[in-house]
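Step one of this worksheet: look at the structure below.
Each ligand, and each atom within it, is numbered from 1 in the order the structure gives.
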Amino acid sequence: MYTQSFNVPDETGQRTVKTVAHTEPPELMAKFDARIDADGRIEPQDWMPEAYRKTLVRQISQHAHSEIVGMLPEGNWISRAPSLKRKAILIAKVQDEGGHGLYLYSAAETLGTSRDQLLDALHSGKAKYSSIFNYPTLNWADVGVIGWLVDGAAIMNQIPLCRCSYGPYSRAMVRVCKEESFHQRQGYEALLVMMKGNQAQKDMVQDAVNRYWWKCLAMFGPPDADSPNSAQGMRWGIKRISNDDLRQKFIDATVPQAKVLGVTLPDPDLKWNEERQHYDHGQIDWEEFWATVNGNGPMNKERLATRVKAHNDGAWVREAALAHARKQQQRQQKEAA
Ligand code: BYC
């Protein structure tokens, strides 16, 4: 359904934008730029400009936060899944998202920022995470729609990240994308089953699609013209495809899937443009998007409070793990003496 191929071509001209002004040592900078231009990978032990490091910490940590906050809307439905099969699938999916958070926090830590610092930024409301997780999951079809559309949008955005210039991030993304692909398929399959059910079940699916469609389109970030980080991210080979181009790819891939499923997409302006060979679409409500990103979406406060509580409730586990590690170290030192 979604390609797992990594040979996404760079868009013409995207790599020719100016770099940020910097005061880095020119020789090291030239070596770094040459490696980026040759599509090489930067590893943790390599020299890198501070702005590149900062951009990566920002993006990778936001991504990690999105994974662990993303566990919450679906986690709410584990106790109410309609069958043992659906419950087992949902538990596995939510666990996978926790795993993705761990790979990504580890990748961010290789850049010299500790996990405690990253989590503090999330818990104090300073750090961003994906806007999509600030909406409620009102019925069981929402779980299917999150799989189909939210994970579908996430894969579209993440496949190009498998070729990101920072080695640890790109390697983490390979595994994440494989798992997201399963997540997308299970969601679509759950919806196919509901669409073969009674009218109430079909209505639930359509209602969930209506509520989630526009929010999923906004997941790709602001339009290219209003995206302050895109040009530099492209220059550094962190981003490979622009926000608008990824959004278009997602729409083009999803419209035929909606037809097979038997649902409509809530956009009267959605139609095939023969000349462009793409679907045209209506206006996204960017005001609503920014309100949500800035902490004023329907579920922001609840999501953050749940995360903070989970972290505080888990303090004894972290303390026990540290005490165990200290004991082991003492034992090893004794044996070595
Ligand atoms: N939500 O200059 P721009 C998942 C922020 S799903 C919140 O275009 P950039 C999952 C952006 O951070 C999703 N904030 O930025 C699925 C920036 O703010 P700062 C997680 C957003 O970085 C199912 C500002 O707007 N995926 O994992 O070039 C279950 C200007 O934007 C959003 C990732 O994080 C948004 N939707 O591009 C569980 C993928 N969009 O930092 C989990 C990795 C934009 O300047 N990230 N902003 O204050 C990326 O690819 C890029 O960071 C983005 C944004 C495309 C998201």
* **Nearest option to atom 8 (O) of ligand 1, as decided by whichever heavy atom of P160, G70, S227, S230 sits closest** => S227

* Is it true that H100 lies under 4.0 Å from ligand 1, counting heavy atoms only? -> no

* To do: Give the residue, atom name and distance (to 0.1 Å) of the protein heavy atom nearest atom 40 (N) of ligand 1.
  => G221 CA, 3.2 Å

* Could you tell me which atoms of ligand 1, counted from 1 in the order shown, lie closer than 4.0 angstrom to a heavy atom of S66? => 20 (C), 42 (C)

* So which of F133, Y169, Y129, F289 gets nearest to atom 32 (C) of ligand 1, if we judge by its closest heavy atom? -> F289

* Asked: So, is K239 polar-close to ligand 1, with some N/O to N/O distance under 3.5 Å?
  -> yes

* Asked: Is atom 35 (C) of ligand 1 less than 4.0 angstrom from some protein heavy atom?
  -> yes

* Asked: Do F182 and V143 share a hydrophobic cluster, counting only Ile, Leu, Val, Met, Phe, Trp and Tyr and linking them when any side-chain heavy atoms are less than 4.5 Å apart?
  -> no

* Asked: In terms of side-chain geometry, is the basic nitrogen of D142 or R211 positioned less than 4.0 Å from the acidic oxygen of its partner?
  -> yes

* Report yes or no: do D203 and Q199 form a side-chain donor-acceptor pair below 3.5 Å? => yes

* **Non-hydrogen atom of L161 closer than 4.0 Å to ligand 1** => yes

* To the nearest 0.1 Å, how far is atom 24 (C) of ligand 1 from its closest protein heavy atom, and which atom is that? -> W290 CH2, 3.9 Å

* Asked: Counting heavy atoms only, which of R240, M219, Q62, R247 comes nearest to atom 6 (S) of ligand 1?
  -> M219

* May I ask you to check if ligand 1 and E97 share an N or O to N or O distance below 3.5 Å? => no

* Decide, yes or no, whether a salt bridge links R235 with D37 under the criterion of side-chain N to carboxylate O below 4.0 Å. => yes

* **A153 heavy atom under 4.0 Å from ligand 1** => no

* Structure fact -> Closest heavy-atom approach to atom 19 (P) of ligand 1 among K126, K128, E74 is made by K128

* For P228, is the nearest heavy atom under 4.0 Å from an atom of ligand 1? -> yes

* To do: Before accepting this row, confirm whether a basic side-chain N of the pair D244/R247 lies closer than 4.0 Å to the acidic partner's carboxylate O.
  => yes

* To do: Could you check Y129, F133, Y105 and say which one makes a ring pair (Phe, Tyr, Trp, His ring centres under 6.0 Å) with H65?
  => Y105

* Residue pair N134 / T292, side-chain donor-acceptor N/O under 3.5 Å -> no

* To do: Identify, by atom number and element, the atoms of ligand 1 in contact range of Q158, meaning under 4.0 Å from any of its heavy atoms.
  => 26 (N), 27 (O)

* **Salt-bridge criterion met for D39 and R240 (N-O under 4.0 Å)** => yes

* Asked: Backbone, side chain, both or neither: what part of N157 comes under 4.0 angstrom of ligand 1, heavy atoms only?
  -> side chain

* Considering only protein heavy atoms, which is closest to atom 27 (O) of ligand 1, and at what distance to one decimal place? -> E67 OE2, 3.1 Å

* Verdict with supporting geometry, E43 and R171, salt bridge (Lys or Arg N to Asp or Glu O under 4.0 Å) -> CA-CA 11 Å; E43 296 297 336; R171 288 188 289 274; 2.8 Å; yes

* **Ion pair K249/D245, N-O distance below 4.0 Å** => no

* Structure fact -> atom 23 (C) of ligand 1 has as its nearest protein heavy atom D151 OD2, 3.4 Å

* Could you see which bit of N243 sits under 4.0 Å from ligand 1, with heavy atoms only: side chain, backbone, both or neither? => side chain

* Asked: Under a 4.0 Å N-O cut-off, is there an ion pair linking E179 with R175?
  -> yes

* To do: Please identify which atoms of ligand 1 are closer than 4.0 Å to at least one heavy atom of A218.
  => 36 (N)

* Asked: N/O of S131 under 3.5 Å from N/O of ligand 1, yes or no?
  -> yes

* To do: Just jot down the ligand 1 atoms closer than 4.0 angstrom to any heavy atom of F220, in number order.
  => 55 (C)

* Given V293, N134, L72, V150, which has its nearest heavy atom closest to atom 14 (N) of ligand 1? -> V293

* To do: Indicate, as side chain, backbone, both or neither, the part of H183 found under 4.0 angstrom from ligand 1 when only non-hydrogen atoms are considered.
  => neither

* Can a salt bridge be assigned to the pair K93 and E97 using a cut-off of 4.0 Å between side-chain N and carboxylate O? -> yes

* Polar side-chain atom of Q186 near backbone of H183 as donor-acceptor pair, under 3.5 Å -> yes

* Among N294, N229, D244, which residue places a heavy atom closest to atom 45 (O) of ligand 1? -> N229

* **T137 side chain to E74 side chain, donor-acceptor N/O pair below 3.5 angstrom** => no

* How are the rings of Y103 and H100 set to each other: parallel, tilted or perpendicular (split at 30° and 60°)? -> tilted

* Asked: Which residue supplies the protein heavy atom nearest to atom 49 (C) of ligand 1, what is that atom called, and how far is it?
  -> Q59 NE2, 3.5 Å

